[in-house]
Amino acid sequence: MTAERHLRLSIAAVALFLAMGLWLEAMYGLRAEGWIDDPLRREFLRLGHSHGALLGLVNVALAWGIERLETPATWAGKIRLAAWLGALFVGVGFVAGGLTHGPTDPGPPILMVPAGALMTLTATVAVALVRPTDARPPAAD
Amino acid sequence: MSRPRLAAIWLFGPALVFAASALVGVGLTLADDDAWGPVERRGAAVVRSETCARCHPDEHASWRRTYHRTMTQEAVGDAVLAPFAGESLDYLGFRATMDRGADGRPHLRIAATEAGEGEGEGEGATPLLDVDVVMTVGSHRYQQYLARIDRQGEGEVWRLPVAWHVGEGRWIHLNGAFLEPEGTIGAADDYLRHLSRWNDNCVFCHNTEPRPGARADGSFATEVGELGIACEACHGPAGAHVERHANPMRRILARAEVAAADGSIADPHALPPGRSSEICGRCHGNRIARDLAQVLREGDGFLPGEPLADVSRPIFADSAIGGVDGAPFAERFWPDGTPRLSAYEYQALLLSPCHQEGEGGGLGCGDCHSMHASEPSMQVRADRRGDAACRGCHDMSAIPATHGGHPQGVGCTDCHMPRITYGLVQGMISHRIASPDPGAWVGRDDQPDACTQCHVDRSRRWAAEAMARLDLRGSPPAADAEDEAESWASRALLDLYGGDPLQRVLAADALSRASATAPPRERMAWLVGALEDEYPAVRFAAGRAVAAVAEASGEAEVAATIARYDFLGAADGRLEVVDALRATLGPDPFADRPERRQRLLDSQERQLLWIGE
């Protein structure tokens, strides 16, 4: 994933999940059935909204960090993909899990959340640890 | 390893490993018969409400607010509503003293007073009871207390004869809570009439999954799954349910409709109304067990969601039991079969056309009540309060606004569920939903009707004629239906002075309500006559009614006088209050016709009731 695309998609993710906040507010204001009367669904949609928006911002920060720290290209593209997919999986996993929940637990899409969280975590750690020199071939003895 | 591959493994490897594990977990769970097949609920372990709270916190929180939860509690801390700070209650020649032991535990001592001549009199004599309170029963209307006393065998717990009335903020003797004559001063048997054994009585409907544990030698090894009416009283023992749902994949894959059908737990909302109502009927409908010995050993054997009829049959007016002639429960019902005591609400529902004729199994308890979406008092669903109780089934737009001919403020239940049931020392609404037909009962004095419970200054014949004027369905009074007393006074007054004890309590309650049609002073003057009643429960109702009317009508002098009245106090003290009230409110309504008053008193004498529990 290119730097420009990552930045644009990250900001788009922030916009998407912020817009979702408007939707949740509207449902609250309209006392929408299936929202007001369903605490579990409400909780997981809120989790999706907040995590999606926050992880979108984390992606913006990672995009800046990758440029600033000169993360080598062999890592940078994959970090961007992992971080963005991670944010998407977490946000969408919470939302879809809440929409399909059972009596006490979210629905199967919730399984996307740990996978997304792991990708976000590994991407963030990689940005912190990978140095510009890590792209060079090992020096000959 | 090349750097691009290392990067891919580092960045995506953990997520892929998780995804693969999750897929395997989903597959194994879907293929696991134990996760989805039938579950044997009978015999499952009781897990207690705190376990349920882990997955159902909202339901647990809403249940915690209810009086069901506090039905039975250990007698510690806030559970004990009475002060137990040295109060005393003198009644029937005995003094009950309520205080606390050195460890702070509530304590009750009962000994004869000088007036009493019974057991345990005088200084140094053995008290009638001298016990520590171990448990409480109830927390809404009044709270009863339990103590360990091995009277007939080991392991016994007994309900004590005095209780704390929450609304009145005072101690009462249980002879005043049940419909029985007072008893003889100084007679220990009369005083201890309601000292009843918890192990094989109260334990059943006031706890979750009780096992009385009656042994052949007369001792008890009583166990309860949980004190009070907890989750598993309505949902059944949840051990199998908890075990099955320990698998998180099972929970994630379980949609609501699958979970409802998985059979590991009973969900009253998912049951047909009749079956769901049986869960309530287990306790809100006195029953006769199919195998009493088994019940006393192991519990009633009822599993919520399965037919209640498998283990018992509800008591109706004509119910018979082996070894007893006739219909031993008849006095618990009005002549038309309508239950007249609380804890028979289930039978009343079964007798209601709304249940019998309704579509899809008819009206059930859950159509009006909810354990989780209601206020604790009466637990009426938030969307079923007032006339909304009927709107769920009846198209209100098809009912003319003039229906009933009553002004706004008179609701459906006022006429169709009149307050003709006695329970917890007060009148309660009937759960037999029916249309009033006073014309059918003209000439009868053995059952109250809905109309004259509000029109307390009117006769039943007037009510029957009003029905016709208002174009309401009703029977015309039979031509030969004559009751001489009918012309003497209103139905409520005749009931108060000449009805059976239950009618007298209901008449007193009716006269106390703001909706009652007679002027306040007239109602209070009538009620004064019942302050001398032989039944303490009637005196209690009458005293409470005078106080309520006096307060509502701003009669400060009457209010001050009735505040001195103690329905359990000595007769001379009560008479002093009665005389003072007569001086203020005027003479007895039959003062100028003593022969009528005497005839009504004779009628009372002929209608003694002995309704304990």
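The sequence lines fix the lettering, A, B, ..., with proteins before strands; numbering per chain opens at 1.
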[atom2] on [Y] to [atom1] on [X], rounded to 0.5 Å:
X	Y	atom1	atom2	answer
B:Ile279	B:Tyr346	CD1	OH	10.5 Å
B:Arg69	B:Ser139	CZ	OG	8.0 Å
A:Leu55	A:Phe17	CG	CZ	8.5 Å
B:Leu28	B:Arg250	CG	CZ	15.0 Å
A:Leu22	A:Met27	CG	CE	12.0 Å
A:Thr120	A:Leu62	OG1	CG	8.5 Å

Please flag which part of B:Val26 lies under 4.5 Å from any non-hydrogen atom of chain A: side chain, backbone, both or neither.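 Answer is side chain: those atoms of B:Val26 sit under 4.5 Å from chain A.
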Could you tell me which portion of A:Leu111 (side chain, backbone, both or neither) has an atom closer than 4.5 angstrom to a non-hydrogen atom of chain B?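 Interface part for A:Leu111: both.
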Quick one: what part of A:Pro108 sits under 4.5 Å from any heavy atom of chain B, side chain, backbone, both or neither?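 For A:Pro108, heavy atoms of backbone and side chain both lie under 4.5 Å from chain B.
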Just so I know, are the side chains of [X] and [Y] near enough to count as touching, which here means a heavy-atom distance under 4.5 Å?
X	Y	answer
B:Met396	B:Cys412	yes
B:Glu306	B:Arg42	yes
A:Pro132	A:Thr71	no
B:His372	B:Ser370	yes

Top contributor to chain B interface from [options] [non-hydrogen pairs under 4.5 Å]:
options	answer
A:Ala123, A:Gly116, A:Pro114	A:Pro114
A:Leu40, A:Thr122, A:Val130	A:Thr122
A:Val125, A:Asp105, A:Thr100	A:Asp105

Please determine whether the number of non-hydrogen atoms from other residues, nucleotides or ligands lying under 6.0 Å from atom CZ of A:Arg68 exceeds 12.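 It does not: A:Arg68 CZ has 12 such atoms or fewer within range.
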Sequence neighbours left out, what passes side chain to side chain contact (heavy atoms under 4.5 Å, CB included) with B:His60? Give chain and number order.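 With sequence neighbours excluded, B:His60 shows a side chain to side chain contact (heavy atoms under 4.5 Å, CB included) to B:Ser49, B:Ala53, B:Trp63, B:Arg64, given in chain and number order.
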Of all the heavy-atom pairs spanning A:Val127 and A:Gly65, show the shortest one and how long it is.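 Smallest interatomic distance, heavy atoms only, reads CG1-C, 4.3 Å.
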What are the residues of residues 78-98 of chain A, in order of number, with any heavy atom under 4.5 angstrom from a heavy atom of chain B?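 Contacts with chain B: A:Lys78, A:Ile79, A:Leu81, A:Ala82.
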I need the contact set between residues 1-16 of chain A and chain B: heavy-atom distance under 4.5 Å, sorted by residue number.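 Not one residue of residues 1-16 of chain A has a heavy atom under 4.5 Å from chain B.
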Tell me, out of B:Ala22, B:Gly13, B:Pro248, B:Cys55, who's got the most heavy-atom pairs with chain A below 4.5 Å.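 Among B:Ala22, B:Gly13, B:Pro248, B:Cys55, the one with the most close pairs to chain A is B:Cys55.
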Hey, are B:Arg275 and B:Glu278 close enough for a salt bridge, meaning a charged N less than 4.0 Å from a carboxylate O?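 Salt bridge present between B:Arg275 and B:Glu278.
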Answer yes or no for A:Arg41 and A:Phe44: cation-pi contact, defined as NZ/CZ to six-membered ring centre under 6.0 Å and angle to ring axis within 45°.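 Cation-pi check for A:Arg41 and A:Phe44: fails.
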Tabulate, in ascending numerical order, the residues of residues 234-242 of chain B having at least one heavy atom closer than 4.5 Å to a heavy atom of chain A, or enter 'none'.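 Answer by number: none.
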For A:Asp38 and A:His101, does a side-chain donor sit closer than 3.5 Å to a side-chain acceptor?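 A pair is found: one side chain offers a donor N or O, the other an acceptor, under 3.5 Å apart.
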